[in-house]
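In what follows, a structure is listed as structure tokens, so that the remarks can point back to it.
As the structure lists them, so they are numbered: ligands from 1, and atoms in each ligand from 1. Keep in mind that the numbers below use all heavy atoms, side chains included, and drop hydrogens, waters and symmetry copies.
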Amino acid sequence: MPFDIQKIRNDFPILSRKVNGYPLVYLDNAATSQKPQQVIDCIVDYYSNYNANIHRGVHTLSQEATDAYETARKKIQTHFNAKEAYEIIFTAGTTHGINLVANGFSEILKKGDEIIVSAMEHHSNIVPWQMLCEKTGALLKVIPMNEEGILVFSEYEKLLSEKTKLVFVNHISNALGTINPIAEIIEKAHEVGAAVLIDGAQSCSHIKPDLQKLDADFYVTSAHKMCGPTGVGILYMKEEWGNKLPPYQGGGEMIAEVTFEKTTYAGLPHKFEAGTPNICGGIAFGAAIDYLNAIGFEAIEKYENKLLKYATEKLLEIEGLKIYGTGPDKTSVVSFNVEGIHPYDIGTIVDKLGIAVRTGHHCAQPIMEFYKIPGTVRASFAFYNTMEEVDALVAAVKKAKLMLS
Ligand SMILES: *Cc1c(COP(=O)(O)O)cnc(C)c1O
């Protein structure tokens, strides 16, 4: 199927609105993606036609909702190539999934054990582990990165030992766009018997991972970064870990039997899915995955790489503009600053021209500290962005520079 950008843009109603009198140019896709009509329709259909609580009812609506929810789980299983559908646990998103795993490891880690994080993580893949270390006496080690925003693999290898119990890294840095070599990271960790959690929140919209081939132990992501709704995501957990980790929250849905003397827990995935879940969100997550797969991840990657190359070239023509994250393996994120100008001021001026970029530390303060900067302007592109939108961004940044310097 040819990549028809105009047809794709027509699927996204929000892209035809105006902001401050200008056509919206949405370049904040690393924070959240926009939603196609197909996903919006799926949500409307659910609440219009078969809204009901799942898994418990014998009535027709409940069965229809349960079927749709479990079908979505299977779609997600197929997409990420998990071995079993019950290894896919619905969560409220990436942050929730990480906290669930960190909570589980609080019963596994002992004082003196080591866990490893990378220098380019989102705060949600740092803070829960720090809390875990405080609770257990385990030590947090950090894989350093270099000026280009690439992890120093040889330093990672030095950190690994038989004390290492868990390694957690993002597949792609949301602040820099760097693609990390997760296959090699997982392989090395397994050589010392450590488990690996991959934060796929930033990569899921660009790359389709094969979880069995990667042999990841845990993989977390959020639907809203891949054209689905907010407040829903998944935690993939290899079956052996699903059996080993204790439940995170207690409540309905996660039990087999409850008496006041003793409660036994349900099997996977329900053991980790206490309470009524985001039913509509899960179903719409499935619709989002269908939508992306119909376009095709190869086509998406190819097109986004063109956008990235063009944006990088054009932005670098602006004198005094510096890009952070300059490694060869990158997705369509351009984080930059213009000499002498605060990123926030650029963000404010380009917004006046209808352009949405993010400014600040992007929930990755250690990266900003590394570069000794307060933050960056981050333009993050999706497959529905155009070369003309890149031109609009470049013109707006030039204008901001004129006004501010
Ligand atoms: C967005 C993001 C998160 C957090 O996702 P939530 O949906 O806010 O839980 C974590 N890690 C990375 C790399 C992200 O891009």
Which of the atoms of ligand 1 are close to [X], meaning less than 4.0 Å from one of its heavy atoms?
X: Ser222; answer: 5 (O), 6 (P), 7 (O), 9 (O)
X: Ala201; answer: 2 (C), 3 (C), 10 (C), 11 (N), 12 (C), 14 (C), 15 (O)
X: Thr95; answer: 4 (C), 6 (P), 8 (O), 9 (O)

To the nearest 0.5 Å, what is the distance between CD1 (Ile54) and CD (Glu253)? 5.5 Å
Quick one: pull up NZ in Lys271 and CD1 in Ile89 and give me the separation to the nearest 0.5 Å. 9.0 Å
Below 30° counts as parallel, above 60° as perpendicular, anything between as tilted: where do the rings of Phe12 and Tyr384 land? tilted
Looking at ligand 1, is there an atom of it that comes within less than 4.0 Å of some heavy atom belonging to Asn125?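 The answer is no: ligand 1 sits nowhere under 4.0 Å from a heavy atom of Asn125.
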Do the side chains of Lys302 and Glu298 get close enough for a salt bridge, i.e. N-O under 4.0 angstrom? no
Can you find an N or O of [X] that's nearer than 3.5 Å to an N or O of ligand 1?
X: His224; answer: yes
X: Asn170; answer: no
X: His96; answer: no

Protein heavy atom at shortest distance from [atom]:
atom: atom 10 (C) of ligand 1; result: Ser124 OG, 3.2 Å
atom: atom 1 (C) of ligand 1; result: Lys225 NZ, 1.3 Å
atom: atom 13 (C) of ligand 1; result: Asp199 OD2, 3.5 Å

Is a side-chain donor-acceptor pair under 3.5 Å present for His55 with Glu70?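 A pair is found: one side chain offers a donor N or O, the other an acceptor, under 3.5 Å apart.
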Distance alone, cut at 3.5 Å: any donor-acceptor contact between the side chains of Tyr291 and Asp11?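 Checked: Tyr291/Asp11 side chains pair up, N/O donor to acceptor below 3.5 Å.
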Does any pair with a residue in residues 214-239 pass side chain to side chain donor-acceptor pair (under 3.5 Å), and if so which ones, sequence neighbours excluded?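 For residues 214-239, and leaving out neighbouring residues, the side chain to side chain donor-acceptor pair (under 3.5 Å) pairs sorted by first residue read Thr32-His224, Tyr86-Glu239, Thr94-Ser222, His190-Asp215, His190-Asp217, Asp215-Lys238, Asp217-Lys238, Asp217-Trp241.
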